[in-house]
Amino acid sequence: MSSFDEMDAFEGASLSARAMAARPMPYLDELNPAQREAVERLDGPVLMLAGAGTGKTKALTARIAHLLTTARARPNEILSVTFTNKAAREMKTRVGRLLGQPAEGMPWLGTFHSICVKLLRRHAELVDLKSNFTILDTDDQLRLLKQLIQAANIDDKRWPARMLAGIIDDWKNRALTPAKVPAADAGAYNHKGIELYAQYQTRLRELNAVDFGDLLLHMVTIFQIHTDVLEQYQRWFRYILVDEYQDTNVAQYLWLRLLAGVHKNICCVGDDDQSIYGWRGAEVGNILRFEKDFPGAFVVRLEQNYRSTPHILAAASNVIRGNESRLGKELWTAAEDGEKVRLIGHWDGEEEARWIGEEIDAMQGGTRGVRPIGLDEIAILVRASHQMRAFEDRFLTIGLPYKVIGGPRFYERMEIRDAMAYFRLVVSPGDDLAFERIVNTPKRGLGDKAQQTIQMTARENGVSLVDGAQIAVDNGLIKGKGGKALRELIDGLARWNAMTRGPRIEVDDDVVIDDGAAPMRFGAPEISHIELAQIILDESGYTTHWQNEKTPEAPGRLENLKELVNQLDNFENLQGFLEHVSLVMDNEKEGDGVKVSIMTLHAAKGLEFPAVFLPGWEDGLFPSQRSMDESGLKGLEEERRLAYVGITRAEEVCTISFAANRRVFGQWQNSMPSRFIDELPEDHVEVLTPPGLYGGSQPAAGIETRAAEANVYNSPGWKRMQARQGQYGMAQPKESRNTVIDATAVASFTLGERVFHQKFGYGAVTGIEGDKVEVDFDKAGTKKVVAQYLSAKDDIPF
DNA sequence: TTCCGATATGTTTTT
DNA sequence: CATATCGGAA
């Protein structure tokens, strides 16, 4: 096992503590009294209750700077955990800026998960893993569970694998190994839950793999059992900082408490009012009982808000006041009054999207409000991601640039996962799950029967699937085309694997081992990992597979593969890349261009925008019915906190809206305005409805129903619906067509005409049926699309 | 074994 | 409505 001298070398500190000691502390001058207290109280437990927009990141980064400047700790002795990669990244840059140099030497600033991976790779053997274990994604996890479920003869229709995955996840969040699951949970998953959980863990170990929850669970287990290891780290991490403490689950909580147990130099920052991850196992209780866990804790409240106007703040405060269990904070601001929170009802979801689109146009043009607001200063925050569609559709039609944050993720796409499975298999031939994924992708004529043969052979010989396949082929168990193809695959894998290394060389014993992997006994590879990746994809036939595919999305997939290979440029080798991807599933592109942001309320936490739209405030959608069904009052309170988070994202203008009708599952459904609307303080809200139909100021209780009714029949959306009956597809002279297609400006197309579509690109019209046009897209193949979405080739909106 | 069409099924939120 | 899965036919 490792000594700590080694650890020092392992992480390397580029900032010298001594060099910092004499440095001035300019960052302190920028803090208000409360922040300053939180920063200067370096020793002992500190709880920073930081309301929305009160400068908590500022305080946190200043605290790190202060720890370094006062030479309390070296950069690599500070453990600083966040929940998201985004937050970790931001802290890194901000600390760097405060200190006037890059914060490269802060190896332990990261997410819970990334830090745990690092630790677990060093101590893998303590939980019967090898340090090069793979981290499974949800897909692999589910496939594995399905196998176990089938083996146990359980009807996975009645008891879906997803459900079991959820249950296991939940246990892991609570730091429960199979042996520790309480009897009360014995009934889970048709009384088979615990048993299957145990089997699953065994299987993971056999595969030398972990899932996401394991990262923490294993580390907690190690710390609990191997006190010597724990003690090392207790000494090593002299100071601990935790961001978003209200979101910690039991496992994370235990992990922290173990590490901070001796010196208790732990500073937790959080806001109980922003706890919105209860469904993922987060325990608000952790923050509520901090003072009990750490007696004598210094508690400081940050209550001065620097983000929002008083109206917005008042609205948020009044909503959150509806919650019973909270520590209680009152935000205040020195800012000028500004606009009231705006509330408007719509006939349906499309109308809501249309209206918001127009508002955004008005905001930019400066025809509304005190100043023009840029597109990148505007966000639309929805409760559930399916709400995004209406906005995407609408913005596409009117040519309004937008970006979806946290949308369909790059690394979750099928072709990317396939490609990654190939990479995984090349890097570690024992990765059976990866093998299963790609044996018959592209089709190699290896169906169920052949795959069973491979499985059996592997099991009989106690080897990995790749080796099993090798044996099966050698013994002629798999004949014909499939056998030949399989042989090619196996040979290919071996060949590619050899390419990851250079020629064998001798090493000195004192070479520093920096990644916990096997000592380097090989020279530099002869080809770069980027070339190798390309070779793998080409020689395996995977690229060809998509080239031959005639489906509309094939070209896009090829593009994605190209992008994947490009991304490799940022990494040293394939291993490094695979590790990165399993930890940060988000592709942090999208940064370019001035665009409106569309995202879920969850994704919006920690962000702020001058103008925020909060659509879909309807009972059942928000607060979500499911949340209330599953967790009752607790669920409702979490939804309310979500509302609070939403409102407090706004700096200048906050617009809340709801629709009377919405299409769900293709079925029209009508709903009541959200109960949270009743909780908005009347004095701080302006109801936007035609004045004639909504007379004077009324009690708040009546606002929403009136607004809804008032808007139904005279809304532009209603008129538009009536106006548009049967108007599409009518031939019109080309000259009369509008460039930007609006509901009122009906487009027409002729056969063979070149057209442009926002999602599918350029193409030619091959058929017209009513309001639908069939287009043969250059890249996306033939598709039927609604005429509205198309524009003539030469006048592309934006 | 693969491919196609029919049918059933689901929608929170994510490291 | 859109996708995912399943069963049957080539």
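Below, chain A is the first sequence line, B the second, and so on; all start at residue 1. Only heavy atoms go into these numbers, but all of them, side chains included; no hydrogens, no water, no symmetry mates.
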Using a 4.0 Å heavy-atom cut-off, does A/Glu630 contact any base of the nucleic acid, only the sugar-phosphate backbone, or nothing at all? base
Heavy atoms only: give me the nearest A/Thr457-A/Gly468 pair and the separation to one decimal. CG2-O, 3.6 Å
Side chains of A/Tyr644 and A/Arg640: any donor to acceptor distance under 3.5 Å? no
So which nucleotide from B/dT14, B/dT15, B/dT1 ends up closest to the side chain of A/Thr600? B/dT14
Could you check how far CG of A/Asp247 sits from C1' of B/dT14, rounded to whole Å? 11 Å
Please report the distance, rounded to the nearest Å, between NZ in A/Lys479 and C1' in B/dT1. 16 Å
From CG of A/Asp393 over to P of C/dA2, roughly how many Å is that when rounded to an integer? 10 Å
Using a 4.0 Å heavy-atom cut-off, write out nucleotides 2-10 of chain B from 5' to 3' as B (base contacted by protein), S (sugar-phosphate only) or - (no contact). SS------B
Using a distance-only test with no angle check, is there a side-chain donor-acceptor pair under 3.5 angstrom linking A/Tyr245 and A/Asp271? no
Figure out the CD/P separation between A/Gln150 and C/dC6, and round it to whole Å. 9 Å
Centroid distance below 5.5 Å plus an interplanar angle below 30 degrees: do A/Tyr277 and B/dT13 meet both conditions? no
Rounded distance in Å between the C1' positions of B/dT13 and C/dA4: 22 Å
Minimal heavy-atom distance between A/Ala88 and A/Gly110, with the atoms involved, is CB-CA, 4.0 Å
Rounded to whole Å, please give me the gap between CD1 in A/Ile168 and C1' in B/dT15. 18 Å
Using the rule given for side-chain contact (heavy atoms from CB on, under 4.5 Å), can you reason through A/Arg663 versus A/Asp348, listing the C-alpha separation, both sets of side-chain angles and the distance that settles it, and then say yes or no? CA-CA 8 Å; A/Arg663 217 181 357 211; A/Asp348 65 14; over 6 Å; no
Evaluate side-chain contact (heavy atoms from CB on, under 4.5 Å) for A/Met420 paired with A/Leu578, printing each intermediate quantity in order. CA-CA 7 Å; A/Met420 303 269 303; A/Leu578 292 171; 3.6 Å; yes
Quick note, A/Ala384 side chain, CB onward, closest among C/dC1, B/dT15, B/dT13 is B/dT13
Nearest to the side chain of A/Arg663, heavy atoms from C-beta on, is which of C/dT5, C/dC1, B/dT15? C/dC1
Any side-chain N or O of A/Ser624 less than 4.0 Å from the OP1 or OP2 oxygen of B/dT13? no
Rounding to an integer number of Å, can you tell me how far A/Ile454 CD1 sits from B/dT1 P? 11 Å
To the nearest angstrom, how far is A/Glu244 atom CD from B/dT14 atom C1'? 14 Å
Would you mind reading off the distance between A/Leu216 atom CG and B/dT15 atom P, rounded to a whole angstrom? 14 Å
Give a yes/no on whether any side-chain N or O of A/Arg389 is located under 4.0 angstrom from OP1 or OP2 of C/dC1. no
Reading DNA chain B from 5' onward, which residue's closest nucleotide shows up sooner: A/His602 or A/Lys449? A/Lys449
Might you confirm whether atom CZ of A/Arg162 has over 12 heavy atoms from other residues, nucleotides or ligands at distances under 6.0 Å? no
